[in-house]
Amino acid sequence: MNSVTVRVPAKVNLQLAVGPLRDDGYHDLVNVFHAVSIFDEVTATAETGMSVRVEGESADQVPEDDDNLAIRAALALARHAGRSYGVNLIIRKAIPVAGGMAGGSADAAAALVACNELWGLGLPVEDLMEIAADLGSDVPFALLGGTAVGTGRGERLTPLEVGGRFHWVFALADGGLSTAKVYAECDRMREATGEEIAWPRAADPLLAALRRGDAKALGSELANDLQPAAVMLRRSLARTLEAGREQGAVGTLVSGSGPTCAFLAESEAHAGELALSLKAAGVARDVITAYGPVPGPTVV
Ligand code: C5P
């Protein structure tokens, strides 16, 4: 086999409860991940060295050296296998870069799956999960897909039953936000207010709404502890979120560490209408519709 292509989805967080800052610089979380139908594609081709090229949505903002998370994933996999494999990766991006939708993590997960196949390693998903957790907190979920609760720093996953398909509208912003800076701002704001930091817990009504496939109930339970920090760092998001509420979204929140905003609709038709109104309101660089949950990385 000379070349393998893997399609991998973006995610939105339905609940992101941020606990206290740990000694290792991470926060204990309850992170309800939900994979949605915005896909990057990663093609791995056998080569002697390691190289990467990025095409598509905001490709110029993604590094094409060893900082690239997909290349780091390929290197980590080769190290795990104890061999000096080579690969050329071509990443075709549709997931917004530094947008709070785990695009980098998705590309890393796709690279693990693609190289495992290309190099004929046949490693089980448990091994890939371990490598994934070292690459980043969101990479294990990017390997899993569907809907799942993440605890620890988000890497310990329990898949969830979901009773239907949810329809989403995403408002893409100009430029990204650094995840580390948003967490740091969250800490700063909490310290300034002296707010007591509760141990994070998954919200039972949110899990029940997911099981029932009830968009209205899910919409009112969406919650993201990073949202105030993301809005503080990017003030224009307040207006984007407000526009979604005004236009009838059943739920509104910043996706992960932002700056992408996510709006839940009641149906596919409602998502289409909502997307048109948000486009007309001029509160985003681009507006796209998607549905979830969708499966994790798939070889195409
Ligand atoms: O794990 P990852 O490299 O994706 O995390 C990026 C940054 O997000 C970390 O360096 C840290 O600042 C922050 N983070 C955190 N707590 C988590 C996950 C991420 O503080 N549970």
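Order of appearance sets the numbers: ligands from 1, and atoms from 1 within every ligand.
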Linked hydrophobic residues, Leu233 as query - side chain contacts closer than 4.5 Å
Leu16, Val18, Leu29, Leu177, Val182, Tyr183, Leu226

Tell me whether Gln15 contacts the main-chain N or O of Ala203 through its side chain, where contact means a donor paired with an acceptor under 3.5 Å.
yes

Answer yes or no: is there a donor N or O on one side and an acceptor on the other, between the side chain of Thr252 and the main chain of Val250, under 3.5 Å?
no

Tested for side-chain contact (heavy atoms from CB on, under 4.5 Å) against Ser58, the lone hit among Asp174, Val97, Leu172 is Val97

Going by the side chain to side chain donor-acceptor pair (under 3.5 Å) test, which pairs reach into residues 148-163, not counting sequence neighbours?
Ser137-Arg153

Can you pull the side chain to side chain donor-acceptor pair (under 3.5 Å) pairs that have at least one residue in residues 205-217, sequence neighbours excluded?
Arg212-Asp214

By chain and number, the residues contacting ligand 1 below 4.0 angstrom (heavy atoms only) are Gly25, Tyr26, His27, Leu29, Gly136, Ser137, Arg153, Thr179, Ala180, Tyr183

